[in-house]
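Contents: one structure, followed by commentary.
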Amino acid sequence: MSAFEFEEEDFSTQFNGRTILRILGLAKPHLRWLVGFIILIALTSLFDSYFTYLGKQMIDLGILGEDRLALRDIAVRYGLLIIVQSVNIFGFIYLAGVLGERIQYDLRKTSFNHLQALSLSYYDRTPVGWIMSRITSDSERIAQLVTWGLLDIVWAFFNIVTAVTFMLFINWKLALIVFTIIPVLVVVAAQFKKRILVQFRLVRKLNSKITASYNENITGVRVVKALRREEENLREFGDLTIDMYKAGYKAAWLSALFLPSVQFLSSIAIGAIALYGGLQAQIGGITIGGIHAFISYIIFMIWPVQDLARVYAELQHAIASAERVFSLIDSIPEISDRDDATDPGSIRGDIEFRHVDFFYEADKPVLKDFNLHVRRGETVALVGPTGGGKSTIVNLLCRFYEPKSGQVCIGDRDYTSISLDAIQSRIGMVLQSPHLFSGTIRDNIRYGKLNASDQEIEEAAKVAGAHDFIVELEKGYDAEVGEGGILLSVGQKQLISLARAVLADPEIFIMDEATSSVDTITENLIQRGMEAVVRDRTSFIIAHRLSTIKRANRILVIEDGKITEMGSHAELLHKKGHYYRLYTQQFRRQLEEEFDPFRAPSYQLKSV
């Protein structure tokens, strides 16, 4: 399955500071919230350290010194600060929640907007599940890092700063003993960080493939059931989940090992303080309350370092997610407007393909030195074997792709000098597999012209031949179509798709195998609607059902990227070439009598 074979970019295993800065830059539009958030965290950390200092005074003055007035004063200060601290904690939690939601909204909006600008080729090579994973789970993880992850990091920083400050104030000699353990903790943390990051990058990569697999199997469930692919899909999916389990297990194992390593080092520091502090207390170098405060400050300072196991895991996970989200946002559209591109106001005019070469893969050319001149208002039909280049021709016309060499001209003007919006907003397309969006029939038809009135929608449906079946539904135009139009038949979806194109009133109209999957009755309805749409418009019709293109001004037989036959329906039949063979395979007996002027009808031959 394509989702399994898609290989995304492998990112460096080195810690990427630029990625971190870019993640933090997501909070720049919400700087007020971020500054308030950091100030409240700093105040919370400062008050936590001061509570420990009040505990020292309570022991030294109130308990050992038996000073009841000092004890009462300390208790009052403690109570008042608890109230202020409660407000601080409420404030930074509230700001973290708001900031996280805003960043996640901005990130998803940016990603979605960028997806609209990407060229069709991006979607051809990128699984839907990979894209969905970037916009959902990866975006959420980044937002969590900017808020709750930043909270942990900032809180840890201020905890260490305030603890160090109070320790130096109480006894600078004991403080120096504590400081000797900090470089060791930093080295240990750095070594664990490298290994954890590698594993979480692998976890995010495998998560993308699993999401893609979910999407592929759910959307293709009918094929899976019909071909009895459940066991094989389960095996392939199992391989993916096992790989992700192993990578996640190793990351969790490293994170778990990090915590006892830090605890072991911190216990050495506490033991050294207890030993040295006890000796100092005997000679009056430090009070009992001071030793208690020192041990509390060590725990207060070591706690953030111990918590780095979780913080690092979240940080590396978020970096791995950010690299993939940013790779999506940084994707450059292969097709974009030139600096001098303009909107001419109309793209009516002759269309020319001048010596066009095109390929999807360099060693497999689809069109080579292709030339075609279509007059304004002409209806051109494209027929031929699958893979011959028919859809490529209309994709180039729509500028979903651009020629590798040569020119496509509209109105004797190179179409790269015309803006993409000017071209694509004036082209109407009805595809072989019609796509409807969740919502009502009315909403789906209105998609062709967002400001259309209900009357215009109904008129478009009548022209397309969709009105009769719509009014027979229980809710008529307000009937829900379901996800992808699943509540309607293929023929009904196709008629709605045609009505949508009619409503858009395009200047160029394209029908790409629009009748290949419908019954004869629906085909006749589409045919009538199509005739109304192509009138006075330049139109391209791709068809395997050749009955739908009899009235085309010209029919082109496309084989191996070249025009091998060209002419009207009757002219091509008279030539008895490839088109004749294609058509007679569908209507042999009828054609022999109707279109061969040199042969008497069969009933006349029998009477001779």
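Numbers here are sequence positions counted from 1.
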Intermediate values then yes/no, salt bridge (Lys or Arg N to Asp or Glu O under 4.0 Å), D421 and R399: CA-CA 10 Å; D421 183 67; R399 213 173 155 202; over 6 Å; no
- request: List the steps and the verdict of side chain to side chain donor-acceptor pair (under 3.5 Å) for Q407 and D414.
  value: CA-CA 6 Å; Q407 285 183 316; D414 188 332; 3.0 Å; yes
Evaluation steps, side chain to side chain donor-acceptor pair (under 3.5 Å), between R446 and S453: CA-CA 8 Å; R446 183 176 275 124; S453 65; over 6 Å; no
task: Run the numbers on I351 and F540 for side chain to side chain contact (heavy atoms under 4.5 Å, CB included), then give the verdict.
output: CA-CA 11 Å; I351 297 171; F540 291 77; 3.9 Å; yes
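With respect to R426 and D343, a salt bridge is recorded, a charged nitrogen being found less than 4.0 Å from a carboxylate O. E559 and K562 are not joined by a salt bridge, as no carboxylate oxygen comes within less than 4.0 angstrom of a charged side-chain nitrogen. A salt bridge does not link E565 to K575: none of the charged side-chain nitrogens sits closer than 4.0 Å to a carboxylate oxygen. Ion pairing of D330 with R22 is present here, as a side-chain N (NZ or NE/NH1/NH2) and a carboxylate O approach within less than 4.0 Å. A salt bridge does not link R500 to D505: none of the charged nitrogens lies less than 4.0 Å from a carboxylate oxygen.
The shortest side-chain heavy-atom distance between S539 and I508 does not fall under the 4.5 Å cut-off. In this structure the side chain of V325 reaches within 4.5 angstrom of the side chain of I142, judged on heavy atoms. In this structure the side chain of T538 never reaches within 4.5 angstrom of the side chain of E507, judged on heavy atoms. Between Y579 and H569, some side-chain heavy-atom pair lies under the 4.5 Å cut-off. When side chains are defined from C-beta on, F469 counts as touching L495, because their heavy atoms get closer than 4.5 Å.
A donor-acceptor contact under 3.5 angstrom links the side chains of T416 and R338, judged on distance only. If you check the side chains of D443 and T440, you find a donor sitting under 3.5 Å from an acceptor.
Between Y477 and H467, the two ring planes are tilted [angle within 30° to 60°].
Geometrically, K404 engages F359 in a cation-pi contact, judged by NZ or CZ lying under 6.0 Å from the ring centre and within 45° of the ring axis.
Checked against a 6.0 Å centroid threshold, the rings of H578 and Y580 do not count as neighbours.
The minimum heavy-atom distance between V394 and M429, with the atom names listed, is CG2-CE, 4.4 Å.
Within the 3.5 Å criterion, the main-chain N or O of K493 finds no donor-acceptor partner in the side chain of S497.
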